[in-house]
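Read through the structure below, which is laid out as structure tokens, and then see the notes.
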Amino acid sequence: MRYVKVTWHHDFDDEPVYYFHEVGDDNYETRRVQTYRDGHSEWADETHETASAGVAEIPIAPPEEIAGQPEFEAVHISQEEFEQQWVRAREPRP
């Protein structure tokens with residue numbers, strides 16, 4: 001597995017600004033966390049999705065390719081960093 005954080009620079013209030021991806025050796029996403037400007041997060045895996053968060057149905061591009069687009073930054077992150085976001089996203093909201 002590899003883990004990737006993507007930052008999307010934009011001004012849309014209803015779109016995520018951070019994506020955290022868990023990607024298998026086949027380059028397909030297995031889990032995802034999306035974090036929004038207001039701080040809330042949504043998550044998805046192979047058994048759960050929301051109206052706006054689902055695992056990608058196509059392979060995930062390498063971070064270097066994603067970062068080649070000016071509105072995105074993409075970096076490899078540790079499994080620990082991904083897991084922190086995963087746990088946080090799954091906590092019940094008040």
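What's counted below: heavy atoms across the whole structure, side chains too, no hydrogens, waters or symmetry copies. Note that this is a predicted model, so its numbers are computed, not measured.
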Pairs involving residues 58-71, ordered by first then second residue, that meet salt bridge (Lys or Arg N to Asp or Glu O under 4.0 Å) (sequence neighbours left out):
none
Other members of the hydrophobic cluster containing Tyr28, with the 4.5 Å side-chain heavy-atom rule, please.
none
Can you list the residues that meet the side-chain hydrogen bond (donor to acceptor under 3.5 Å, both in side chains) rule with [X], with sequence neighbours excluded?
X     : result
Ser41 : Thr35, Arg88
Arg2  : Asn27
Glu73 : His9
His40 : Asp38

Nearest 0.5 angstrom please: Glu80 CD to Glu83 CD, how far?
9.5 Å
Tell me every residue that passes side chain to side chain contact (heavy atoms under 4.5 Å, CB included) with Val75, counting only those two or more places apart in sequence or in another chain.
Lys5, Ile77
Pairs involving residues 13-25, ordered by first then second residue, that meet side-chain hydrogen bond (donor to acceptor under 3.5 Å, both in side chains) (sequence neighbours left out)
Tyr3-Glu22, His21-Glu29, Glu22-Thr30, Glu22-Arg31
Mind listing the side-chain donor-acceptor pairs of residues 51-60 below 3.5 Å, one per line with the distance, residues two or more places apart or on another chain?
{"residue": "Ser52", "atom": "OG", "partner": "Tyr36", "partner atom": "OH", "Å": "3.2"}
{"residue": "Ser52", "atom": "OG", "partner": "Glu42", "partner atom": "OE1", "Å": "2.5"}
{"residue": "Ser52", "atom": "OG", "partner": "Glu42", "partner atom": "OE2", "Å": "3.4"}

Taking every non-hydrogen atom, the tightest pair across [X] and [Y]:
X     : Y     : answer
Phe82 : Phe20 : CE1-O, 3.5 Å
Ala67 : Ala74 : CB-N, 4.0 Å
Gln34 : Pro16 : NE2-CG, 3.5 Å

Looking at side-chain heavy atoms only, is the closest gap between His10 and Arg37 below 4.5 Å?
yes
Scan residues 43-68 for pairs that pass ring pair (Phe, Tyr, Trp, His ring centres under 6.0 Å), counting only residues two or more places apart or in two chains.
Trp43-His48, Trp43-Trp86
Find out if a path of hydrophobic residues (ILVMFWY) with successive side-chain heavy-atom gaps under 4.5 Å connects Val6 to Val17.
no
